[in-house]
*Asks:* 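Before I ask anything, here is the structure I am working with.
Order of the sequence lines sets the chain letters (A, B, ...), proteins ahead of strands, with each chain counted from 1. No experiment lies behind these values; they were computed from the predicted model shown. Any value given below was found using the heavy atoms of this structure, including those in side chains, with hydrogens, waters and symmetry copies removed.
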Amino acid sequence: MDIISQVKKITREAIANLYRTEIEETSIQVNETKPEFEGDYTVVLFSFVKLLKKSPEILGNELGGYFVQNHPSLFSSSNVIKGFLNLSISDKYWISFLQKNFSDNNFGKKEKTNHRVMVEYSSPNTNKPLHMGHLRNNFLGWSVAEIYKANGYDVVKTCIANDRGIHICKSMVAWLQFANGATPESTGMKGDHFVGDYYVKFGNEYKKQTDELIAGGMSKEEAEKEAPIMKAAQQMLVDWEAGKPDVIALWKKMNGWVYKGFDETYKRIGSDFDKIYYESDTYILGKNLVAEGLNKGVFFQKEDGSVWIDLTAEGLDQKIVQRKDGTAVYITQDIGLAVNKYEEFKNELSIYVVGDEQNYHFKVLKLICQKMGFPSADGIFHLSYGMVELPSGRMKTREGTVVDADDLVDEMVAIAQQHTEELGKVKDFTEDELKELYDTIGLGALKFYLVRVDPKKRMIFNPEESIDFHGFTGPFVQYTHARIRSILRKEKIGENNAILNQASLLKLEKEVIRELEKYHAIIVQACEEMNPSVIANYAFGVAKIFNSFYSEHSIANAETAEKKQLRLQLANFTAIVIKSAMELLGIKVPERM
RNA sequence: GGUCCGGUAGCUCAGUUGGAUAGAGCAACAGCCUUCUAAGCUGUGGGUCAUUGGUUCGAAUCCAAUCCGGAUCACCA
């Protein structure tokens, strides 16, 4: 049990024993003691003052006495300032804690249970390459999955490929009209970028055609409906759903190009999935469920044949679930997918990592599933994250300000290489080792940068700031790890712990241990909040306090043999926790850098 | 217009769910490499926590109103 939980438990116990009063542990507030006061943890007394009719002073002294008397192996002393009871943990406790855990690679993680969670993330459209926003999504989703694993859950990582629909037809139509049979092979392009170019071409041609129609006297709305290339795309969607062979063949060919490109990117950024769903499979099930919902009276049909759900009673609007031409809309397939997932995995929680622009969509999806009476409905959770913007504002396809994922990764790795070469610390590395190191650092910097911010908040990607490898960054944490490993390659950690029994701790030694002790609580918190930034902030905190310790005290040349052993254990423990925390973020840590 | 989200140092972000004098990083300035990796460490300056009112022992945190920014309310996905 972590110390804060123990303090709460003992506080409850003390109040029960001293005052014959039962209180809830959740009503007890325990903080880390502010550095300007003496102590490690602080119990806030104000809330009990009224209940127990005692002054904070007396209450604090009585409770403090109870702590030290009844749990002397844990608490060495206490003091009361205003309404705060400050407790000092004994050095002995810290040292035995260190000895017990310093080589435990699973420290902080929970035992496996059979609770199953599904995390869906990435979910690309197969008509254009991944961009920076997808990277935030991938890193978040992957990390949340790892955090759940660390909390003992059985995790299924999934991805839905949005591989059909009007947007896919757009790039297909444009390819037919403009490509003259060109392929990724014939042009030497990565497949996803190749197809993306035709999606852009569609947009340009569409704009040209609507402009011409408007110039010819048509209204804007009418022109947008009547543009021949749009009509061609809509017809293609109908043909696709009808299974027209040449359309299906083209669709398979172009999607194949895209997947090949995606595979490369996913491999590069270290993203993977246990199960990939395809919208082209789930939309049929969605359409069947629409028919079922129509029978149940959950949905209703308008005169033109389109199918809707009325959510005005829930404070929302009417929402279309199937077009008048019978084709599926976006939410149709999501209804099918929700059922599909649950039938296959019986997961109690289904997390969707999707941008906050779709908050409304997921509210509607959950409501529909609940009204349909699906057993999976209540477990649907939308992990909504904010958009990634540039200092100049939102990324816009039309203005060409979209930051491409592949380009960004290349750039970060190149900067990692440049810094590494300038510092010249790994001149003896082989080509392969260097390449791996550049990837580790470049991707580490990128991932950390995107994951260190609270997911809920939209964030600004500042290119200049992102290439800084100092301070609150991935490379800073990686560097701390490399430094420790460097020492541990030269020095042996002894087997005999008994010699440490009489040791006392210096301020910085204790602060490092105290920080490490928090790791378990951090893992729990990150899971409860579904928030990897909790881990990122913590990893940085560990590295920072260790670096202070490192520069102040020598490990290899410690004052005594006992101190050397203690500090080697401390260093080893720190390296393990850094490595473990960074792994939860999908970031590797190097042995040298 | 309805609904939802946000506003903390010049910039980017924390703030343990209501606790002590609001913290980091970057940027600026001043120091520290004959000692385990200086991608590091130490110090200085920098704040009307958007505004106003309320709730109470105590508010950046909770409530209300206002201002500012964003998202969404499509037979796009």
*Asks:* Rounded to the nearest angstrom, tell me the gap between atom CD in A:E32 and atom P in B:G15.
*Replies:*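 Going from A:E32 (CD) to B:G15 (P), I get 14 Å.
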
*Asks:* Using a heavy-atom cut-off of 4.0 Å across all strands, would you classify A:K456 as base, sugar-phosphate, or nothing?
*Replies:*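 No contact.
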
*Asks:* Which nucleotide in the list B:A77, B:C26, B:C57 gets nearest to the side chain of A:D468?
*Replies:* B:C26

*Asks:* Do A:D163 and A:S280 meet the criterion of a side-chain donor-acceptor pair at a distance under 3.5 Å?
*Replies:*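 A pair is found: one side chain offers a donor N or O, the other an acceptor, under 3.5 Å apart.
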
*Asks:* Base, sugar-phosphate, or nothing for A:D317, non-hydrogen atoms under 4.0 angstrom?
*Replies:* sugar-phosphate

*Asks:* Within the structure, does a side-chain N or O atom of A:H470 lie under 4.0 Å from either OP1 or OP2 of B:G40?
*Replies:* yes

*Asks:* Given atom CG of A:L45 and atom P of B:G18, what is their separation to the nearest angstrom?
*Replies:* 18 Å

*Asks:* I want to verify a distance call: between B:A77, B:A20, B:G40, whose nearest atom is closest to the A:K34 side chain?
*Replies:* B:A20

*Asks:* Is the phosphate of B:G58, meaning OP1 or OP2, less than 4.0 Å from a side-chain N or O of A:K82?
*Replies:*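 A:K82 to B:G58 OP1/OP2: no side-chain N or O under 4.0 Å.
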
*Asks:* Among the candidates B:C41, B:U37, B:G19, find the nucleotide nearest to the side-chain atoms of A:Y479.
*Replies:* B:U37

*Asks:* Find out whether A:E57 and A:K82 are in side-chain contact, i.e. whether some heavy atom of one side chain is under 4.5 Å from a heavy atom of the other.
*Replies:*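 Side chain of A:E57 against side chain of A:K82, heavy atoms only: no contact under 4.5 Å found.
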
*Asks:* Cut-off 3.5 Å, side chains only: do A:Q569 and A:Q565 have a donor facing an acceptor?
*Replies:* no

*Asks:* Heavy atoms under 4.0 Å, any strand shown: does A:H481 hit a base, just sugar-phosphate, or nothing?
*Replies:* nothing

*Asks:* Under 3.5 Å, is there any donor-acceptor pair linking the side chain of A:N86 to the base of B:A20?
*Replies:* yes

*Asks:* Do A:F37 and A:I81 come close enough that some side-chain heavy atom pair is under 4.5 Å?
*Replies:* yes

*Asks:* If you check every side-chain atom of A:N547, which of B:A77, B:G40, B:C36 has the closest atom?
*Replies:* B:G40

*Asks:* Categorize A:R592 for me: base, sugar-phosphate, or nothing, with a 4.0 angstrom heavy-atom threshold over every strand shown.
*Replies:* base

*Asks:* Could you please name the option among B:A24, B:U12, B:C73 that lies closest to any side-chain atom of A:Y360?
*Replies:*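 The answer is B:C73.
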
*Asks:* Within the pair A:R489 and B:U37, is there a side-chain N or O less than 4.0 Å away from OP1 or OP2?
*Replies:*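 So the side-chain polar atoms of A:R489 never come under 4.0 Å of the phosphate oxygens OP1 or OP2 of B:U37.
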
*Asks:* Is the phosphate of B:U12 approached by A:R458 (side-chain N or O, under 4.0 Å from OP1 or OP2)?
*Replies:* no

*Asks:* For B:A74, does either OP1 or OP2 sit under 4.0 Å from a side-chain N or O belonging to A:Q318?
*Replies:*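 Answer is no, no contact under 4.0 Å.
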
*Asks:* With C1' as the reference atom in both, quote the distance from B:G46 to B:A28 in angstrom, rounded to an integer.
*Replies:* 10 Å

*Asks:* Contact class for A:I441 vs. all strands (heavy atom < 4.0 Å): base, sugar-phosphate, or nothing?
*Replies:*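 Contact class for A:I441: base.
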
*Asks:* Answer with base, sugar-phosphate or nothing: what part of the nucleic acid does A:M593 contact at a heavy-atom distance below 4.0 Å?
*Replies:*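 Base, at least one base atom sits under 4.0 Å.
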
*Asks:* What interatomic distance, in whole Å, is found between P of B:G40 and the corresponding atom of B:G70?
*Replies:* 36 Å

*Asks:* Measure centre to centre between the rings of A:F362 and A:F381, then say whether the value is under 6.0 Å.
*Replies:* no

*Asks:* Please determine which of A:L52, A:V80, A:L51, A:V43 meets the side-chain contact (heavy atoms from CB on, under 4.5 Å) test together with A:L59.
*Replies:*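 Per the side-chain contact (heavy atoms from CB on, under 4.5 Å) rule, the option paired with A:L59 is A:L52, out of A:L52, A:V80, A:L51, A:V43.
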
*Asks:* When the P atoms of B:C57 and B:U16 are considered, how many whole Å apart are they?
*Replies:*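 Their P atoms lie roughly 22 Å apart.
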
*Asks:* Quote, to the nearest angstrom, the P distance that separates B:G6 from B:C13.
*Replies:*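 Their P atoms lie roughly 14 Å apart.
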
*Asks:* Give the stems involving RNA chain B, where a stem is 3 or more consecutive Watson-Crick or G-U wobble pairs (i with j, i+1 with j-1, and so on) under 3.5 Å.
*Replies:* B:1-7 with B:67-73, B:10-13 with B:23-26, B:28-32 with B:40-44, B:50-54 with B:62-66

*Asks:* To the nearest Å, give me how far apart CZ (A:F472) and P (B:G25) are.
*Replies:*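 Value for this atom pair: 11 Å.
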
*Asks:* Could you work out the separation of B:U52 and B:U61 based on their P atoms and round it to a whole Å?
*Replies:* 13 Å

*Asks:* For A:I535 and B:U16, give me the distance from atom CD1 to atom P, rounded to whole Å.
*Replies:* 16 Å

*Asks:* Looking only at side-chain atoms of A:V329, point me to the closest of B:A77, B:C36, B:C73.
*Replies:*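 Among B:A77, B:C36, B:C73, the one nearest the side chain of A:V329 is B:A77.
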
*Asks:* Between B:G19, B:U37, B:A77, which nucleotide has the shortest distance from any of its atoms to the side chain of A:N31?
*Replies:* B:G19

*Asks:* Please state the C1' separation for the pair B:C5 and B:G45 - nearest whole angstrom.
*Replies:*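 Those two atoms are separated by 35 Å.
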
*Asks:* In whole Å, I'd like the distance from the CD atom of A:E559 to the P atom of B:C36.
*Replies:* 16 Å

*Asks:* So what does A:I166 hit on the nucleic acid, given a heavy-atom distance under 4.0 Å: a base, only sugar-phosphate, or nothing?
*Replies:* sugar-phosphate

*Asks:* Please state the P separation for the pair B:U72 and B:G10 - nearest whole angstrom.
*Replies:*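 My reading of the P atoms in B:U72 and B:G10 gives 31 Å.
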
*Asks:* Measuring to OP1 and OP2 of B:C41, would you say a side-chain N or O of A:S551 lies under 4.0 angstrom away?
*Replies:* no

*Asks:* Would you say that A:E517 contacts A:D2 through its side chain, given a criterion of any heavy-atom pair below 4.5 Å between the two side chains?
*Replies:* yes

*Asks:* Does A:T42 reach a base, just sugar-phosphate, or nothing at all? Heavy atoms under 4.0 Å.
*Replies:* base

*Asks:* Between B:U42, B:A77, B:C36, which nucleotide gets closest to the side-chain atoms of A:Q358?
*Replies:*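 Shortest atom-to-atom distance from the side chain points to B:A77.
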
*Asks:* If you look at every strand shown and take non-hydrogen atoms under 4.0 Å, does A:F476 touch a base, only sugar-phosphate, or nothing?
*Replies:* sugar-phosphate

*Asks:* Indicate whether any N or O donor in one side chain lies under 3.5 Å from an N or O acceptor in the other, for A:N31 and A:Y41.
*Replies:* no

*Asks:* Of all the heavy-atom pairs spanning A:A539 and A:A581, show the shortest one and how long it is.
*Replies:* CB-CB, 4.2 Å

*Asks:* A:E357 side chain: which of B:A77, B:A71, B:U12 is closest?
*Replies:*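 Closest nucleotide to the A:E357 side chain: B:A71.
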
*Asks:* Applying a 4.0 Å non-hydrogen cut-off, can you work out what A:D454 is touching in the nucleic acid: base, sugar-phosphate, or nothing?
*Replies:*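 Touches sugar-phosphate only.
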
*Asks:* Given B:G6, B:G25, B:U3, identify the nucleotide with an atom nearest to the side chain of A:K457.
*Replies:*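 It is B:G6.
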
*Asks:* What I'd like to find out is whether the side chain of A:L311 reaches to under 4.5 Å of the side chain of A:D317, using heavy atoms alone.
*Replies:*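 A side-chain contact is absent here, since even the closest heavy-atom pair is not under 4.5 Å.
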
*Asks:* To the nearest Å, how far apart are A:L85 CG and B:A20 P?
*Replies:*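 Whole-Å distance recorded here is 16 Å.
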
*Asks:* Counting the atoms with a prime plus P, OP1 and OP2 as sugar-phosphate, which does A:E591 contact under 4.0 Å by heavy atoms, base, sugar-phosphate, or nothing?
*Replies:*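 Base contact.
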
*Asks:* Hey, does A:F546 have a side-chain heavy atom less than 4.5 Å from the side chain of A:I484?
*Replies:* yes

*Asks:* Looking only at atom P, what distance separates B:G43 and B:G25, rounded to whole Å?
*Replies:*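 To the nearest whole Å, 10 Å.
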
*Asks:* Looking across every strand, which nucleic acid part, if any, lies under 4.0 Å from A:E528 by heavy atom: base, sugar-phosphate, or nothing?
*Replies:*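 Answer is nothing: A:E528 stays at 4.0 Å or more from every strand.
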
*Asks:* With a 3.5 Å cut-off and heavy atoms only, can you find an N or O donor on one side and an acceptor on the other between the side chain of A:S533 and the base of B:A14?
*Replies:* no

*Asks:* Starting at CE of A:M172 and ending at P of B:A77, how long is that distance when rounded to a whole Å?
*Replies:* 15 Å

*Asks:* Distance check: side-chain N/O of A:R323 vs OP1/OP2 of B:C76, anything under 4.0 Å?
*Replies:* yes

*Asks:* Base, sugar-phosphate, or nothing for A:Y550, non-hydrogen atoms under 4.0 angstrom?
*Replies:* base

*Asks:* Please classify the nucleic acid contact of A:T420 as base, sugar-phosphate, or nothing, using heavy-atom distances under 4.0 Å.
*Replies:* base

*Asks:* Using the six-membered ring for Trp and the full ring for Phe, Tyr or His, decide whether A:F46 stacks on the six-membered base ring of B:G19 (centres under 5.5 Å, planes under 30°).
*Replies:*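 Stacking is present between B:G19 and A:F46, given that their ring centres fall under 5.5 Å apart and the planes under 30°.
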
*Asks:* Can you list the steps and then say if A:L294 with A:Q301 is a side-chain contact (heavy atoms from CB on, under 4.5 Å)?
*Replies:* CA-CA 8 Å; A:L294 215 40; A:Q301 195 156 25; 3.9 Å; yes

